[in-house]
Amino acid sequence: MGVNVIQKQKGVALWRQISDRIRANIASGAYDMTGMVPPETTLAQEFGVNRHTVRAALSALAQEGMVRAVQGRGTMIERRDKFDFPIGRRTRFSEGIGDQARDLQGVLLSSETEVASTEVAGRLQLEAGSLVCRLEALRKADGRPVSHSTMWFPAERFTGIDDAFRRSGSITAALAACGVDDYVRDVTEISAVHAEPDDVATLALTPGAIILINRALNLDPQGVPIQYAVTRFPADRVQFTIRS
């Protein structure tokens with residue numbers, strides 16, 4: 001057995017663990033010499049599982065668009081460049097993707113005015129019981145979903161920000177419509193998890209796909225918190241570049 005032998009973990013399917021390993025190998029360029037994923041028999045031996053389990057893992061990756069079965073040849077890696085999303089003092093979605101895509105879209109999925117949770121109130125430095133505007137937004141680049149955001153804004157200051165975003169598809173433009181012409185990033189926290197069912201549907205993923213979670217706090221020029229956002233990015237479509 002090789003060093004990649006999969007360990008049985010409670011609640012984590014073997015095919016999912018294998019698809020994660022293959023996905024990581026593709027990302028690291030481990031198969032670049034051939035442009036093909038190794039044969040099922042080779043992978044089964046490498047991971048210490050049967051071919052059916054390997055086949056399920058490859059099927060999931062095919063649904064994600066990462067690989068494609070070619071009759072008589074095997075499983076070919078689909079070359080899709082990731083969008084490079086820079087994170088810095090002034091992080092903007094449209095400017096960040098820039099000329100990497102011909103068409104950028106921001107779609108408002110839903111909006112609500114609600115009582116801030118303990119976490120949201122703490123992030124926005126609001127008193128307990130304060131109202132916030134919550135926006136759910138989907139962003140697409142050349143028709144491909146690249147992020148799903150849940151964003152909170154102090155309701156008293158940002159009444160109507162949902163309509164402003166619906167019209168413009170841009171948070172920067174929506175904030176400007178509410179009187180905030182500039183803002184800066186205070187905190188960015190990044191983690192990686194398996195996609196939940198809602199994100200699988202919204203971001204057009206397969207079960208088990210990896211998403212990058214970006215928790216961000218933005219401040220106005222006076223240093224007052226104006227936006228807290230939790231954004232989910234498909235790990236196979238977007239990479240982050242941290243800039244000073």
Side-chain angles (χ1 to χ4, degrees), residues 1-70 73-87 96-97 100-101 139 141-142 144-148 188-216 230-243:
M1 298 293 183
V3 295
N4 282 324
V5 171
I6 295 296
Q7 302 297 319
K8 292 185 178 180
Q9 301 177 39
K10 183 178 181 180
V12 183
L14 291 177
W15 66 264
R16 176 176 290 183
Q17 295 181 58
I18 292 170
S19 66
D20 286 349
R21 298 285 185 89
I22 296 174
R23 188 187 293 107
N25 286 341
I26 291 173
S28 69
Y31 307 139
D32 280 358
M33 289 294 291
T34 64
M36 306 286 290
V37 174
E40 291 178 4
T41 52
T42 301
L43 291 172
Q45 182 176 6
E46 177 182 351
F47 294 120
V49 298
N50 58 46
R51 290 180 62 181
H52 176 76
T53 303
V54 169
R55 195 170 295 124
L58 293 175
S59 177
L61 293 173
Q63 290 182 57
E64 291 178 36
M66 294 196 70
V67 301
R68 174 168 56 90
V70 179
R73 293 189 59 190
T75 304
M76 179 179 292
I77 298 169
E78 292 280 45
R79 297 296 178 184
R80 284 193 175 184
D81 293 334
K82 294 183 179 182
F83 292 107
D84 183 43
F85 187 69
I87 296 176
I97 298 296
Q100 299 176 71
R139 293 183 177 90
D142 292 338
R144 298 173 66 197
V146 292
S147 74
H148 176 199
T188 300
E189 301 167 357
I190 300 171
S191 57
V193 299
H194 287 288
E196 296 291 337
D198 285 349
D199 289 317
V200 168
T202 305
L203 295 171
L205 302 171
T206 56
I210 301 298
I211 59 172
L212 303 174
I213 298 182
N214 183 322
R215 299 178 184 272
V230 178
T231 303
R232 283 79 79 195
F233 296 84
D236 65 321
R237 300 174 200 164
V238 178
Q239 67 181 17
F240 297 138
T241 300
I242 311 300
R243 296 179 178 173

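We number each residue from 1, following the sequence as shown. Keep in mind that what you see is a predicted model, and the values were worked out from it rather than measured.
Panel note: side chain R55, backbone E40; no donor-acceptor pair is recorded below 3.5 Å. No donor-acceptor pair closer than 3.5 Å links the side chain of T202 to the backbone N or O of D199. Using modelled atom types, no side-chain atom of R215 and backbone atom of I213 make a donor-acceptor pair closer than 3.5 Å.
Atom CZ of R68 is separated from atom CD1 of I77 by 12.0 Å, given to the nearest 0.5 angstrom. Here the CZ-CG distance, from R237 to L205, works out to 5.0 Å after rounding to the nearest 0.5 Å. Considering CZ of R51 and OG1 of T42, their distance stands at 9.5 Å, rounded to 0.5 Å. Separation of atoms CD1 (I87) and OG1 (T188) is listed at 5.0 Å; rounding is to 0.5 Å. Distance CG/L203 to OG/S147: 7.5 Å, rounded to 0.5 Å. The CH2 atom of W15 sits 9.0 Å away from the CG atom of L61 when rounded to the nearest 0.5 Å.
By the 4.5 Å heavy-atom criterion applied to side chains, I210 and H194 are counted as neighbours. Between L43 and I18, every side-chain heavy-atom pair lies at or beyond the 4.5 Å cut-off. Between I242 and I190, some side-chain heavy-atom pair lies under the 4.5 Å cut-off. Contact check for F47 versus T53: no side-chain heavy atoms found under the 4.5 Å cut-off. Between L212 and V238 the shortest side-chain heavy-atom distance does not fall below 4.5 Å.
Within 6.0 Å of the CG atom in N50, the count of heavy atoms belonging to other residues, nucleotides or ligands exceeds 12.
For the side chain to side chain contact (heavy atoms under 4.5 Å, CB included) criterion with I211, the lone passing option out of V200, V193, D236 is V193.
The aromatic rings of F233 and F85 sit tilted, their planes meeting at an angle between 30° and 60°.
In terms of heavy-atom proximity, A101 sits nearest to A141 at CB-CB, 3.9 Å. In terms of heavy atoms, Q100 sits closest to D142 at O-OD2, 4.3 Å.
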